Structures are given as C-alpha cells and as structure tokens.
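Heads up, the thing below is written out as structure tokens.
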2 protein chains.
Amino acid sequence: MDVSDPEDPFSEMDPQACPTAEAMDVVGTEWRMNVLHDLQNGEMRFNELKEATGASSRTLSQTLDALMDAGLVDRRMEEASPVATYYSLTEKGEALGPVFDELDAWAREWVDPDEVEG
Amino acid sequence: MDVSDPEDPFSEMDPQACPTAEAMDVVGTEWRMNVLHDLQNGEMRFNELKEATGASSRTLSQTLDALMDAGLVDRRMEEASPVATYYSLTEKGEALGPVFDELDAWAREWVDPDEVEG
DNA sequence: CGGCATCCCTTTTGATACTG
DNA sequence: CAGTATCAAAAGGGATGCCG
C-alpha cells in the first residue's frame with residue numbers, strides 16, 4: 001500500500017530518468033532560451049541583454065540568475081565607477097550552440113514570416 | 001513624449017525579426033518541449049502522454065492544442081466505443097528531431113546525473 | 001549601470017468533477 | 001478513454017523606486 005505505484009517507472013518524473021528532461025528543465029523557458037541565444041554571439045552587458053530580449057530588469061535578473069546557477073552563464077564585473085557587468089556563456093553554455101543552430105535551421109525552413117504558400 | 005522610443009529598432013520584440021525567436025515562441029515551454037520530445041518515438045495516446053509528461057489532463061490538453069495549432073502535432077481518433085485518440089508529429093514537428101538530438105547529446109555530455117567529476 | 005525590493009496584475013497549473 | 005469546466009493556488013512578469 002505504498003503511495004507510489006511500483007509499476008510506474010519513474011513515480012514522479014525524476015529528471016534523472018532522462019538527461020534530456022533535465023536539459024529541458026534548464027533551458028525550457030522562452031526567456032532562458034532567448035538569453036542563451038543572444039549570448040551565442042559573445043558577451044553582453046546587462047542592459048544590452050535587456051534591450052535585446054525585451055525582458056524587464058527583474059525578469060532578466062532572475063533569468064541570468066538561473067542560468068548562472070545552472071552553470072551556463074558567467075558574469076564578469078569591472079571594478080569601475082558606474083559598474084560594468086558582462087555576461088557570457090560558459091563552456092557548458094556554448095556547448096548548446098548546435099542546438100540553437102538546429103533550431104535556427106528548423107525555423108528558417110518551417111517558420112516563415114508570412115506563412116508563404118506561393 | 002511618445003510612449004515608444006523612436007530609436008528602438010523593434011519597439012516590442014517583433015518575432016519576425018528573427019525566425020529563431022518565432023521558433024522559441026512555439027517550442028519555448030517545458031510542457032511543449034516534453035510532449036514534442038515524447039512524440040519523437042512515435043504516436044501516443046492522450047493518457048500515455050499524460051503519464052509520460054506528468055501533466056494534468058487540462059494542461060496536456062492545452063499543450064496539445066497549442067502544438068496542433070502550431071501545426072507540429074496531428075490528432076487521429078478512432079471511432080470506437082471508449083474512444084481512442086492518438087497524437088503524432090506532423091512533418092513540421094518531426095523536423096525538430098535534430099534539435100532534440102542535439103539537446104540530447106548536450107544533456108548526456110553536460111548534464112550528469114551526479115555531476116560526476118571523476 | 002546593474003540589479004534588488006515592492007506592489008500588483010496576468011498566466012499557468014493542479015484538483016476535482018462531469019460528459020460523451 | 002479523452003477531454004472540458006470551474007475554482008483556487010502558485011508562478012511569472014511588468015512598472016516603479018531605490019541603492020551601490
């Protein structure tokens with residue numbers, strides 16, 4: 001009479017069950033994907049990312065927090081007066097490049113701006 | 001004093017600006033990615049997806065709705081008595097295969113179950 | 001400039017119940 | 001089995017103000 005069904009392979013979606021599930025847990029939000037995508041072009045400052053993604057400072061801040069926490073993004077701060085912060089991909093983050101490349105290819109092939117049919 | 005800054009290249013993130021942005025708009029949620037990923041292995045029934053993804057019937061229903069709306073998923077219903085519905089990827093949906101392949105590869109390479117360092 | 005705190009509204013999601 | 005409807009809780013996200 002255990003709570004969890006013994007027949008069930010993974011009672012409640014253990015992310016461990018499938019690495020891809022873990023991956024989606026980390027990358028699976030639009031904000032995170034957008035930031036990651038934008039950073040593929042190299043390091044960017046907070047406000048640059050803010051404008052590029054359209055996120056509010058609060059949202060961007062949280063997103064970057066999550067990404068740094070996941071080890072996908074690195075922060076570099078300059079000790080200057082107005083403070084300059086630069087965000088960039090870690091090796092782990094850059095390793096996602098191929099994923100975005102494929103997504104990009106897919107988008108260009110299947111997501112047409114006007115659903116062109118002619 | 002207009003609300004939108006004339007200097008701003010794309011006042012409010014036109015998805016059209018970048019096809020990839022569009023793509024992320026369509027695939028960029030964990031539920032959608034999970035369903036899409038699960039369907040890569042072939043057609044599945046509603047309840048199978050429900051158990052596989054851990055989504056509630058309401059959530060799964062909405063997710064499938066969005067995916068069908070985006071033309072990524074197809075529905076096939078059998079006119080039997082208890083009603084059997086099967087969901088599968090459309091050509092457009094299957095075209096996302098490489099994306100998941102890459103994501104999978106990345107996950108296996110960078111997302112270790114125990115963060116193994118040995 | 002970077003980013004945290006607060007207020008508050010919107011969206012998402014889960015339970016639960018009900019229908020064909 | 002495959003959903004839909006309803007309700008209430010939780011998370012997400014924007015606006016604004018403030019501080020280092």
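Side-chain atoms are counted along with the backbone in the values below, which use heavy atoms only and exclude waters and symmetry mates. This one's a predicted model, so the numbers in the text were calculated from it and none came from an experiment. Residue numbering restarts at 1 for every chain, and letters A, B, ... go by the order of the sequence lines.
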### Summary
d(B:Leu103 CG, A:Phe100 CZ) to nearest 0.5 Å is 9.0 Å

### Query
With a non-hydrogen cut-off below 4.0 angstrom, is A:Tyr87 in contact with a base, only sugar-phosphate, or nothing?
sugar-phosphate

### Query
Under 3.5 Å, side chain of B:Trp106 to main-chain N/O of B:Val111, donor-acceptor pair present?
no

### Message
Output the rounded distance in Å from NZ (B:Lys50) to P (D:dC1).
### Response
9 Å

### Task
Please tell me if the side chains of A:Arg32 and A:Leu72 come closer than 4.5 Å, counting only heavy atoms from C-beta onward.
no

### Task
Report the distance from atom CD of A:Glu78 to atom P of C:dC1, rounded to the nearest whole Å.
14 Å

### Task
Quick one: closest heavy-atom pair of B:Pro98 and B:Ala95, and the distance?
CD-O, 3.2 Å

Quick test: give all pairs of protein nitrogen or oxygen and nucleotides 9-11 of chain C nitrogen or oxygen below 3.5 Å, distance rounded to 0.1 Å.
none

### Message
Within the structure provided, determine whether B:Asn47 and B:Arg45 are in side-chain contact (heavy-atom separation under 4.5 Å).
### Response
no

### Query
Which residues within residues 32-46 of chain A lie with some heavy atom under 4.0 Å of an atom in DNA chain D?
none

### Message
For nucleotides 9-20 of chain D, give me one character per nucleotide, 5' to 3': B if any protein heavy atom sits under 4.0 Å from the base, S if the only such contacts are to the sugar-phosphate, - if neither.
### Response
----BBB-----

### Summary
Between B:Leu39 and the options B:Thr90, B:Leu49, B:Asn34, the side-chain contact (heavy atoms from CB on, under 4.5 Å) test singles out B:Leu49

### Nucleotide C:dG2, atom C1' - distance to CZ of A:Arg76 in whole Å
14 Å

### pair A:Glu91-B:Trp110: side-chain heavy atoms closer than 4.5 Å
yes

Under 3.5 Å donor-acceptor pairs involving side-chain atoms of residues 59-71 of chain A, not counting sequence neighbours:
unit_1	atom_1	unit_2	atom_2	d
A:Thr59	OG1	A:Ser56	OG	3.1
A:Thr63	OG1	A:Thr59	O	2.8

#### Entry: Side chain of B:Ser61 (C-beta onward), nearest among C:dG3, D:dT4, D:dA2
D:dT4

### Message
Any non-hydrogen side-chain atom of B:Leu89 less than 4.5 Å from a side-chain atom of B:Asp74?
### Response
no

### Query
Can you tell me how far P of C:dG2 sits from CE of A:Met77, to the nearest Å?
9 Å

### Query
Nearest heavy-atom pair of A:Pro19 and B:Arg108: which atoms, and what distance?
CG-CG, 3.9 Å

### Query
Taking all atoms of both residues into account, what is the closest heavy-atom pair of B:Glu43 and B:Arg76, and its distance?
OE2-NH1, 2.5 Å

### Task
Report the distance from atom CG of A:Leu96 to atom CD of A:Glu102, rounding to the nearest 0.5 Å.
13.0 Å

### Query
Over its full length, what angle do the end axes of the helix from C:dC1-D:dG20 to C:dG20-D:dC1 make, each axis taken from five pairs and the result rounded to 10 degrees?
50°

### Rounded distance in Å - CD (A:Glu48) to P (C:dG2)
8 Å

### Task
Output every pair passing ring pair (Phe, Tyr, Trp, His ring centres under 6.0 Å) with a member in residues 40-97 of chain A, not counting sequence neighbours, ordered by first then second residue.
none

### Query
Starting at CG of B:Asp65 and ending at C1' of C:dT13, how long is that distance when rounded to a whole Å?
16 Å

### Task
Would you mind reading off the distance between A:Leu64 atom CG and C:dG3 atom P, rounded to a whole angstrom?
7 Å

### Query
Nearest-Å distance, CG (B:Leu60) to C1' (C:dT13)?
13 Å

### Query
What distance separates A:Met44 CE from A:Lys50 NZ, expressed to the nearest 0.5 Å?
12.5 Å

